[in-house]
Amino acid sequence: MSMNFLELEQVARDWTYEAGEKVKQSLENPIHIESKSNPNDLVTEVDKAIEQFFYEKITQHYPDHLFLGEEGIAEELTSLEGTVWIIDPIDGTMNFVHQKYNFAISVAVYHEGVGMIGIVYDVMSDEMFRAVRDSGAYLNDVELLPVLERPLEESIVGINARWLVEGRNPYQNPLRALVRDLRGTRSYGSAAIELAYVAADRLDGYICVKLSPWDYAAGAVLLEEVGCKISTFQGKRLSMLTPNTVIAGKPQLHKEMISGYVGEEL
Ligand code: 2AM
Ligand code: CA
């Protein structure tokens, strides 16, 4: 391994805490909000400033590294060759705006397409979920244990209720059936936090019809480190360059949710 990813994670962690402080300070003043693809797809000047903060740090300290972020500050990325930082400056922007709670900074480092570092920082609860490939996953300074399986009917899965009513969503019926069969569902409004919760055994699974790479890049590293699975609804590897359906969970539950509910090729 040419690069020491444990050292790089220390640096990424420091920057993430620094970014978290900036986000917290920003909540003391009124925030300017804009819409993106639709009226409910929000972005604020804070999202942009935090992405800019990481972009400047990375280009300054690691000029040969590449950058992929939600707000599109860097040039568009067409391959995952080399070392790539995949960053969501604020995941859960709607929560950030409406609740001032339950949002995260998501930072991942991929090397030649392989997830090496994953950090999900829940800023307001000061919970940092972090992992370096093959070196364990942690919640702050406590190591996360390999997850224990539960049967599907005793499982709790993170899902946004919108996917059960959205007419344009082809997975509506399989998802309704799944929700009926599970013990319960939860919705936190931040994909990054929900994936981290699966890794930390607070949820057994998480499912979303459409997410972008910056929403799940860090979560995927955390999940793999504790023995969980994450894939498309068809069980395929997630692309880190295009949006995907996303299903994550403990291995047996992940398999059952795919084979019994959402796995059929549409
Ligand atoms: P975001 O806050 O960074 O946009 C909400 O259920 C979760 O879905 C959040 O993690 C949110 O990320 C993500 N998401 C991805 N694409 C979205 C979109 N087009 N509109 C709203 N939320 C989106
Ligand atoms: Ca975001």
For the pair [X] (side chain) and [Y] (backbone), establish whether a donor and an acceptor sit closer than 3.5 Å, ignoring hydrogens and angles.
X: Glu70; Y: Pro89; answer: no
X: Glu34; Y: Thr44; answer: no
X: His98; Y: Met94; answer: no
X: Asn160; Y: Arg162; answer: yes
X: Glu9; Y: Val132; answer: no
X: Tyr171; Y: Trp163; answer: no
X: Ser212; Y: Asp215; answer: no
X: Glu112; Y: Gly82; answer: yes
X: Glu127; Y: Asp122; answer: no
X: Asp41; Y: Ser35; answer: no

State plainly whether one hydrophobic cluster holds both [X] and [Y], where clusters connect Ile, Leu, Val, Met, Phe, Trp and Tyr through side-chain heavy atoms under 4.5 angstrom apart.
X: Trp214; Y: Tyr206; result: yes
X: Leu195; Y: Val262; result: no
X: Tyr17; Y: Tyr55; result: yes
X: Ile119; Y: Phe67; result: yes
X: Leu42; Y: Val123; result: yes

[atom1]/[X] to [atom2]/[Y] distance, rounded to the nearest 0.5 angstrom?
X: Leu182; Y: Ile156; atom1: CG; atom2: CD1; result: 9.5 Å
X: Leu144; Y: Leu223; atom1: CG; atom2: CG; result: 10.5 Å
X: Phe233; Y: Glu264; atom1: CZ; atom2: CD; result: 13.5 Å
X: Leu211; Y: Ile247; atom1: CG; atom2: CD1; result: 12.0 Å
X: Asn173; Y: Leu178; atom1: CG; atom2: CG; result: 12.5 Å
X: Thr83; Y: Asp64; atom1: OG1; atom2: CG; result: 6.5 Å

Heavy-atom pair of closest approach, residues [X] and [Y]:
X: Lys210; Y: Pro243; answer: CE-CB, 3.8 Å
X: Phe5; Y: Ile117; answer: O-CD1, 3.5 Å
X: Thr245; Y: Val209; answer: CG2-O, 3.2 Å
X: Ser106; Y: Ala218; answer: OG-CB, 3.3 Å
X: Val157; Y: Leu203; answer: C-CD2, 4.4 Å
X: Leu80; Y: Leu77; answer: CD2-CD2, 4.4 Å

Determine whether [X] and [Y] make a side-chain contact, defined as any pair of heavy atoms from C-beta on separated by less than 4.5 Å.
X: Ile58; Y: Trp15; answer: yes
X: Leu139; Y: Arg202; answer: yes
X: Glu7; Y: Gln10; answer: no
X: Val11; Y: Tyr62; answer: yes
X: Met116; Y: Val221; answer: no

Legend entry - Whether Tyr188 and Tyr197 hold their rings parallel, tilted or perpendicular, with breakpoints at 30° and 60°: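 The arrangement is perpendicular - the two ring planes meet at more than 60°.
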
Inset, instruction - Look at the rings of His65 and Trp85 and say which category their plane angle falls in: under 30° parallel, 30 to 60° tilted, over 60° perpendicular. - result: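 Judged by the thresholds at 30° and 60°, the geometry between His65 and Trp85 is tilted.
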
Is it the case that atom [atom1] in [X] sees more than 12 heavy atoms from other parts of the structure closer than 6.0 Å?
X: Gln99; atom1: CD; answer: yes
X: Glu18; atom1: CD; answer: yes
X: Glu76; atom1: CD; answer: no
X: Glu153; atom1: CD; answer: yes

Inset, instruction - Sequence neighbours left out, what passes salt bridge (charged side-chain N to carboxylate O under 4.0 Å, His left out) with Arg186? Give chain and number order. - result: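 Checked Arg186 against salt bridge (charged side-chain N to carboxylate O under 4.0 Å, His left out); zero matches.
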
Inset, instruction - Output, in order, the C-alpha distance, side-chain angles, deciding distance and verdict of side-chain contact (heavy atoms from CB on, under 4.5 Å) for Phe54 and Ile105. - result: CA-CA 11 Å; Phe54 278 103; Ile105 301 171; 3.9 Å; yes

Legend entry - Working for side-chain contact (heavy atoms from CB on, under 4.5 Å), residues Tyr261 and Leu152: CA-CA 12 Å; Tyr261 301 89; Leu152 189 138; 3.9 Å; yes

Legend entry - CA sep, side-chain torsions, deciding dist, call: Arg130, Asp141, side-chain contact (heavy atoms from CB on, under 4.5 Å): CA-CA 9 Å; Arg130 58 189 176 89; Asp141 289 324; 3.3 Å; yes

Legend entry - Derivation of the side-chain contact (heavy atoms from CB on, under 4.5 Å) call for Met3 and His111: CA-CA 9 Å; Met3 184 178 299; His111 184 68; 5.6 Å; no

Please set out all donor-acceptor pairs under 3.5 angstrom arising from side-chain atoms of residues 21-29, sequence neighbours excluded.
residue: Ser26; atom: OG; partner: Val23; partner atom: O; Å: 2.5

Legend entry - Within residues 230-255 or reaching into it, pairs that qualify as salt bridge (charged side-chain N to carboxylate O under 4.0 Å, His left out) - sequence neighbours excluded: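 For residues 230-255, and leaving out neighbouring residues, the salt bridge (charged side-chain N to carboxylate O under 4.0 Å, His left out) pairs sorted by first residue read Asp201-Lys250, Asp204-Lys250, Lys236-Glu265.
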
Legend entry - Under-4.0 Å salt bridge between Glu71 and Lys36: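 Salt bridge flag = yes for Lys36 with Glu71.
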
Legend entry - Ser190 side chain to Asn95 side chain, donor-acceptor N/O pair below 3.5 angstrom: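 Judged by distance alone, the side chains do not pair up.
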
